[in-house]
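This report concerns only the one structure given below.
One-based numbering, in listed order, for ligands and for the atoms of each.
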Amino acid sequence: MDFTLTAEQQMYRKTLREFVDREIVPVARDWEHAGRYPTEIVEAMKRLGLFGMVIPAEYGGLGIDTVSFALTFEELSRGWMGIAGILGSHSVSCWMISRHGTPEQRERYLPGLAEGTRRTGIALTEPGAGTDLQGIRTVARRDGDDYIVNGTKMWITNARHADPLPVLVKTDPAASPAHKGMSILLVDAGSAGYQVARDIGKLGYKGTESCEVVLTDVRVPAANLLGGVEGRGLQQALSALETGRINIAARAVGVAQRAYDEALHYARQREAFGHPIGDFQAIQLRLAEMATNLQAARLLTYWAAAQMDAGRRMDTESGMAKIFASEVAMQCATDSMRIHGGYGYSTEFEVERLYRDAPLMAIGEGTNDVLRTVVAKSLLAGHAVVA
Ligand SMILES: Cc1cc2nc3c(=O)[nH]c(=O)nc-3n(C[C@H](O)[C@H](O)[C@H](O)COP(=O)(O)OP(=O)(O)OC[C@H]3O[C@@H](n4cnc5c(N)ncnc54)[C@H](O)[C@@H]3O)c2cc1C
């Protein structure tokens with residue numbers, strides 16, 4: 001077996017690593033605490049072409065492979081996970097429009113999205129429905145050549161910058177099963193009745209906004225129905241979330257890597273009882289455990305990404321990677337904090353941000369508990385085999 005990255009992937013990672021060390025690491029702590037929007041970093045990511053990562057070259061994107069996609073989120077999250085958030089839901093949405101959009105929709109949106117002059121996100125969750133997406137209440141009623149949309153979406157990442165925002169709606173609220181009446185509409189931000197109502201306060205994942213979006217009698221042209229056919233919205237969203245899970249797993253690997261790096265550095269230079277604390281076996285056991293789990297999470301994530309690049313089904317694999325890597329990120333953040341002693345609790349060190357950012361990966365793109373049931377069903381049905 002060959003576990004090495006290709007020469008191209010190594011070069012791509014090197015470029016990203018240098019970018020993160022130069023532009024993100026030096027400012028992350030101060031900007032995160034100040035609640036500052038990282039405009040300069042966004043502009044630099046545009047110049048690198050990162051907003052077009054998953055968009056085919058014919059529309060001006062980089063069209064990178066899935067392993068490189070994972071490397072991007074890993075490296076950015078090593079610097080500041082919130083920055084990965086800015087690209088994460090943008091990329092999930094771009095992937096969905098590239099894959100499922102009509103030729104006219106691709107032509108209209110993808111070139112701007114690839115440049116980052118247009119940005120996007122994805123609006124699925126509602127106040128009363130997150131995991132249970134078939135329980136959403138946002139309704140789109142057909143009126144001539146338009147839909148009239150009413151509803152509220154919660155936790156929408158990038159909402160203040162998204163144009164268009166793909167919104168999961170019910171085009172036939174009476175359909176049974178419910179998913180047959182669900183569709184995605186590409187809602188233009190300037191539409192009358194479209195309102196980003198508020199930013200939701202958060203434990204971590206700062207730098208990118210998470211908002212409540214209210215749609216009141218918003219008129220959306222039928223030409224903005226993703227793919228042009230009603231009833232496919234849930235499938236379109238769920239297929240995009242498979243790449244989303246790779247992105248979340250890779251973010252978790254990046255956070256775990258940083259927690260480990262900070263712990264290793266601290267264990268070498270902090271002294272107690274006349275020794276570097278790294279001489280104590282209790283510290284060594286934690287470091288070894290962190291490094292082992294981190295490397296296992298990384299390999300599982302790259303493996304799931306490589307399955308996708310090979311054109312294989314990878315819903316179970318991406319779920320397994322996301323579950324494992326996110327648990328590892330939380331454990332590494334906690335262990336790094338313990339190794340830092342009192343300073344781990346200080347806002348003057350990086351580890352407290354990692355500790356606040358890590359839990360999101362266990363929640364986003366499907367909670368770990370729900371994903372465990374999805375993985376189990378796939379195993380029981382024989383769709384995925386672990387052997
Ligand atoms: C910072 C942040 C950013 C986000 N960004 C976006 C975004 O950009 N777009 C978007 O659409 N959403 C976004 N979300 C929403 C996120 O996807 C949901 O929070 C997530 O899917 C869980 O939904 P919920 O919060 O409604 O929890 P619920 O679905 O209410 O779940 C609550 C608990 O019940 C458990 N549970 C639910 N159903 C089952 C079941 N069948 N079996 C076992 N356990 C179950 C869950 O595991 C969880 O422990 C974001 C969330 C956060 C926190």
**Message:** How far is atom 39 (C) of ligand 1 from the closest protein heavy atom, and which atom is that?
**Reply:** V370 CG2, 3.7 Å

**Message:** Can you confirm whether R106 is buried at CZ, in the sense that more than 12 heavy atoms of other residues, nucleotides or ligands lie under 6.0 Å from that atom?
**Reply:** yes

**Prompt:** For atom 6 (C) of ligand 1, is the nearest protein heavy atom closer than 4.0 Å?
**Reply:** yes

**Item:** Shortest protein heavy-atom distance from atom 46 (C) of ligand 1, along with the residue and atom involved
**Value:** T367 OG1, 3.6 Å

**Prompt:** Protein heavy-atom contact under 4.0 Å for atom 34 (O) of ligand 1?
**Reply:** no

**Prompt:** Can you tell me how far the CG atom of L226 sits from the OG1 atom of T102, to the nearest 0.5 Å?
**Reply:** 8.0 Å

**Prompt:** With a 4.0 Å cut-off, strictly under, does atom 25 (O) of ligand 1 pick up any protein heavy atom?
**Reply:** no

**Item:** T72 side, atom OG1; N247 side, atom CG - distance, nearest 0.5 Å
**Value:** 9.5 Å

**Protein contact of atom 19 (O) of ligand 1 - nearest heavy atom, named by residue and atom, plus distance** = I363 CG2, 4.1 Å

**Request:** Going by heavy-atom distance to atom 8 (O) of ligand 1, choose the closest among D132, L203, T157.
**Result:** T157

**Asked** Identify the closest protein heavy atom to atom 18 (C) of ligand 1: which residue and atom is it, and at what distance?
**Response** T125 OG1, 4.1 Å

**Ring center gap for Y37 and H161 short of 6.0 angstrom** = yes

**Prompt:** Do any nitrogen or oxygen atoms of E365 come within less than 3.5 Å of a nitrogen or oxygen of ligand 1?
**Reply:** no

**Prompt:** Which ligand 1 atoms, with their elements, are less than 4.0 angstrom from a heavy-atom of L124?
**Reply:** 10 (C), 11 (O)

**Message:** Looking at ligand 1, would I122 count as a contact under a 4.0 Å heavy-atom criterion?
**Reply:** yes

**Item:** Region of Y205 engaging ligand 1 - heavy atom pairs below 4.0 Å
**Value:** side chain

**Complete:** Looking only at protein heavy atoms, what sits closest to atom 28 (P) of ligand 1 is T131 OG1, 3.7 Å

**Message:** Please report whether atom 49 (O) of ligand 1 has a protein non-hydrogen atom at a separation of less than 4.0 Å.
**Reply:** no

**Prompt:** With under 30° as parallel and over 60° as perpendicular, where do the rings of Y343 and Y266 fit, or are they tilted in between?
**Reply:** tilted

**Item:** Sole residue of V167, T125, I122 in side chain to side chain contact (heavy atoms under 4.5 Å, CB included) with K153
**Value:** V167

**Prompt:** CD of Q10: more than 12 outside heavy atoms within 6.0 angstrom?
**Reply:** yes

